[in-house]
Undergrad: 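Before I ask anything, let me first share the structure, which is written out below as structure tokens.
Fair warning: this is a prediction, and the values are worked out from it, not measured in the lab.
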Amino acid sequence: MRKPDIRTGPRHPHVAAAGYEITRRLSERALAKRGLHKANGELAQRTIASIRDKLQRGETVYIAGLACPGTHNTGVALVEVTQKDGPRLIVNNEEERFSGNKHTNEFPQYALDDMRRVLQRMGRDVGDIAAFVTTWDYPALLAMLIRTSLEEAPASIKLLRAPIAPAINLRQMDQVRRISRRLGRMYGLGEQLPLICMPHHDNHAWYSFTASPFADTKERVAIAVLDGTGDVGSISLYVAENGEMKQLYCNESLFDSLGAFYTVISSSQGGWTWLSSEGRYMGAAAWGDMNRATNPYYQRLKAVLQLGPDGSVRLNRAMANWYADPADNPYHQPLIDILGPPLRPDQLWNPDAVLRVEDINHRPDTKDRVDKAAATQLVFEDAMIHVIDHLLRITGTDRLVLTGGVALNALGNMRLLEHFDEAWFERAQQRKTRLHMWVPPVPGDPGVPIGAAWLFAHMAGAPRGAPLSHAFYCGLPPSNADITAALHADDIASTQIGNVATAEGRDAVADLMASMVAQGGVIAIYQGAAETGPRALGHRSILANPCDPEVRERLNERVKYREAIRPLAPMATLEAARDYFELEDGASDGDYNAYNYMVLTAHSKPEARAKIPAVVHADGTGRIQIVREGDDPLTYAYLKALGRHIGVEMSVNTSFNVAGPIAQTPAQAMDTLRRSRGLDAVVLVADDGTAYAAWHGGERDSGRFSGWYAAWKQASG
């Protein structure tokens, strides 16, 4: 086999570096005039001093973290800070949930309006917010985009007018210049509302560390931010010790990126657009050859990422062309020779081009395509392991917090726990231990507003705050009036089924839910504030019987209208999770808290595939979620009731959506029911505990819910 050509690093590093420095200096001054200030600037220091004084006087302070328009996943987080308890997350509102536009880069009007309603319920208003901080260091981000556009000139000049990374381009960044004035006028707080620009990867790292079970450990904690891109680079490494965090490394490159590698290949080979392709391609890998010795593409594909000394990962620019043209021409000929030509942008989402694992028995190229997905996953895992190996060696710790968009790859996360075992630590650190790892519920950019606010509170001298145990922070719980208004429609049938405000009432509603699921029903649960982050965790979930071998196909085809490539996740009590899955000791901190958020897969035990086939993926794994009674009493009661009905305290759990964001409002919940012909009923719980069931009315009424409900009432007396 011919040795591949290798070229790492940009053609014009000095020109690019000069462009970076000039742009950063100019943009710092220009943006400050428009109300966007540096985190170490004069206005930020005055604001920090003011907050510190208030905290020391015993006052409660509010800080808002803002994901501004122009970059994907806009939204706002509100944090309440006291000197006694540190920051406490009040809301983390993702604009996509309210607008219905997935990964939106629009101005977060709905998210901000909802935050204001929360404040007003607390007897406060926007004027009581001590600081607005942003999720990006915008001068650095602009400078990085200019640097990247100059690195491979003239070929890379195209990046000035085209998307460089998912939903980020220079033309969209113009919206940022106007946001301070827009907010000031919107809230009547002056001509400009000052915004303080917080470094993107610092936000990722600090929030993820302080929310982890490791925050109070006396040992060092390693923090890895593996991302598509930040405002300076795409890989940043940190260590936290004695309550302080220090950056050890940043690769200062947008395209020497694990996120960019996976995004571009998953899109151009799988047939989906950026930000929609990555999870699907990870799912496809399970059908391919995941053996490095026998996969027909792995040995050649791994040359795309050059793993160098000191944990570095460098893109081989002789093979990849996404440093210059990521959308239209992402491959050079050596990569085409391995993977074939990339799908064109106009082929994405085309049914004839999209990878469908159900074609594996009758379309000759499908086996090759899933083997390419497996090879991509293997190369990606190699790079993850390479970076973390270096980080653990230089920090000498066995505690790791993994965050950034790359940390959404739950399969890769599991591989880290498997690789860094006792044998590795014996060799590398000469001690008997193993890796202990935690991934936050929102490792990607929707979590960065939380991080920006928490980090700014820390800069003002606040203590760290309590670790997280759940993720129910997006929006307000639905009111009874909002639910009844949404149910008042000719095509929706509904009835009140109880009240969960008491333990007895909660157990009754949970038993009805379990009874329907045990009889083959597919139902949705809509309760409380929504989950923040990409995973439904019991507040906006679709539920089904994990013991039914046909439920995955039926749910994907008739409820979600999505590819068979998508696995279904197991939601379980801790006891059931232990019974059917191999929970890693390295994820055991905080009573196996790392398994609370569906960010980590686990191998199923031998008896699991026969007992719970719907939630065991093709590779024998499940992306598990453990439910705790204290965090989600109704869902926990439902799982306990399932144990009585089907013999296992476990449920299928997938997000309550159809081809869009998770349903946020009662009206969106009913629209989702209308679009999903295979969804039997939706259980909606108001903020006063009143529970309703809704189902298809009129000609679409199958009679299934009415029959189940009548039989349940008779059986329960």
Undergrad: Once ring-ring contact (aromatic ring centres under 6.0 Å, His included) is applied, do any residues pair with Phe209, and if so which ones, sequence neighbours excluded?
TA: Trp206

Undergrad: Compile the donor-acceptor pairs under 3.5 Å between side chains in residues 382-390 and protein atoms, sequence neighbours left out, one pair per line.
TA:
residue: Asp382; atom: OD1; partner: Arg292; partner atom: NE; Å: 3.0
residue: Asp382; atom: OD1; partner: Arg292; partner atom: NH2; Å: 2.8
residue: Asp382; atom: OD2; partner: Tyr298; partner atom: OH; Å: 2.6
residue: His386; atom: NE2; partner: Gly308; partner atom: O; Å: 2.7
residue: His386; atom: NE2; partner: Ser312; partner atom: O; Å: 3.2
residue: Asp389; atom: OD1; partner: Arg393; partner atom: NE; Å: 2.5
residue: Asp389; atom: OD2; partner: Trp424; partner atom: NE1; Å: 3.0
residue: His390; atom: NE2; partner: Asp310; partner atom: O; Å: 3.3

Undergrad: Partners of Thr621 by side chain to side chain donor-acceptor pair (under 3.5 Å), sequence neighbours excluded?
TA: Asp619

Undergrad: So Trp322 and Tyr331, would you call those rings parallel, tilted or perpendicular, with 30° and 60° as cut-offs?
TA: perpendicular

Undergrad: Has His201 got a side-chain atom pairing as donor or acceptor with Asp231's backbone, closer than 3.5 angstrom?
TA: no

Undergrad: Does Lys560 reach the main-chain N or O of Leu555 with its side chain, forming a donor-acceptor pair under 3.5 Å?
TA: no

Undergrad: Name all residues meeting the side chain to side chain donor-acceptor pair (under 3.5 Å) criterion together with Thr376; count only those two or more places apart in sequence or in a different chain, and write none if there are none.
TA: none

Undergrad: Tell me every residue that passes salt bridge (Lys or Arg N to Asp or Glu O under 4.0 Å) with Asp352, counting only those two or more places apart in sequence or in another chain.
TA: none

Undergrad: Under the rule for salt bridge (Lys or Arg N to Asp or Glu O under 4.0 Å), what residues qualify as partners of Arg434, not counting sequence neighbours?
TA: Glu584

Undergrad: Using only atom types and a distance under 3.5 Å, with no angle test, would you say the side chain of Asp289 pairs donor to acceptor with the backbone of Asn295?
TA: yes

Undergrad: Under the salt bridge (charged side-chain N to carboxylate O under 4.0 Å, His left out) rule, what pairs show up with a residue in residues 255-268, not counting sequence neighbours?
TA: Asp256-Arg314

Undergrad: Check whether any side-chain N or O of Asn316 sits under 3.5 Å from a backbone N or O of Arg7 as a donor-acceptor pair, and report yes or no.
TA: yes

Undergrad: Starting from the C-alpha separation in whole Å, work towards a yes-or-no answer on salt bridge (Lys or Arg N to Asp or Glu O under 4.0 Å) for Asp359 and Lys367.
TA: CA-CA 9 Å; Asp359 291 336; Lys367 181 65 172 71; over 6 Å; no

Undergrad: Would Glu21 and Arg24 count as a salt bridge (Lys or Arg N to Asp or Glu O under 4.0 Å) here? Give the steps.
TA: CA-CA 5 Å; Glu21 290 300 327; Arg24 179 157 190 162; over 6 Å; no

Undergrad: In plain terms, say whether Arg558 and Glu553 are close enough for a salt bridge, that is, a side-chain N and a carboxylate O under 4.0 Å apart.
TA: no

Undergrad: Under the ring-ring contact (aromatic ring centres under 6.0 Å, His included) test, which residues partner Tyr281, sequence neighbours left out?
TA: none

Undergrad: Below 4.0 angstrom, N of the basic side chain to O of the carboxylate: do Arg363 and Asp368 qualify?
TA: no

Undergrad: Kindly write out the residues that satisfy side chain to side chain donor-acceptor pair (under 3.5 Å) with Gln247, not counting sequence neighbours, or none if the list is empty.
TA: Tyr238

Undergrad: Has the side chain of Glu531 got a donor or acceptor atom that lies under 3.5 Å from a matching backbone atom of Tyr597?
TA: no

Undergrad: Could you walk me through whether His603 and Met414 pass side-chain contact (heavy atoms from CB on, under 4.5 Å), step by step?
TA: CA-CA 9 Å; His603 290 290; Met414 181 183 72; 3.6 Å; yes

Undergrad: Quick one, Leu237 and Ile223 - any side-chain contact, counting heavy atoms below 4.5 Å?
TA: no

Undergrad: Kindly write out the residues that satisfy side chain to side chain donor-acceptor pair (under 3.5 Å) with Arg609, not counting sequence neighbours, or none if the list is empty.
TA: none

Undergrad: Can you name the residues that form a ring-ring contact (aromatic ring centres under 6.0 Å, His included) with Tyr262, not counting sequence neighbours?
TA: Phe380

Undergrad: Can you name the residues that form a side chain to side chain contact (heavy atoms under 4.5 Å, CB included) with Ala16, not counting sequence neighbours?
TA: Arg147, Leu150, Glu151

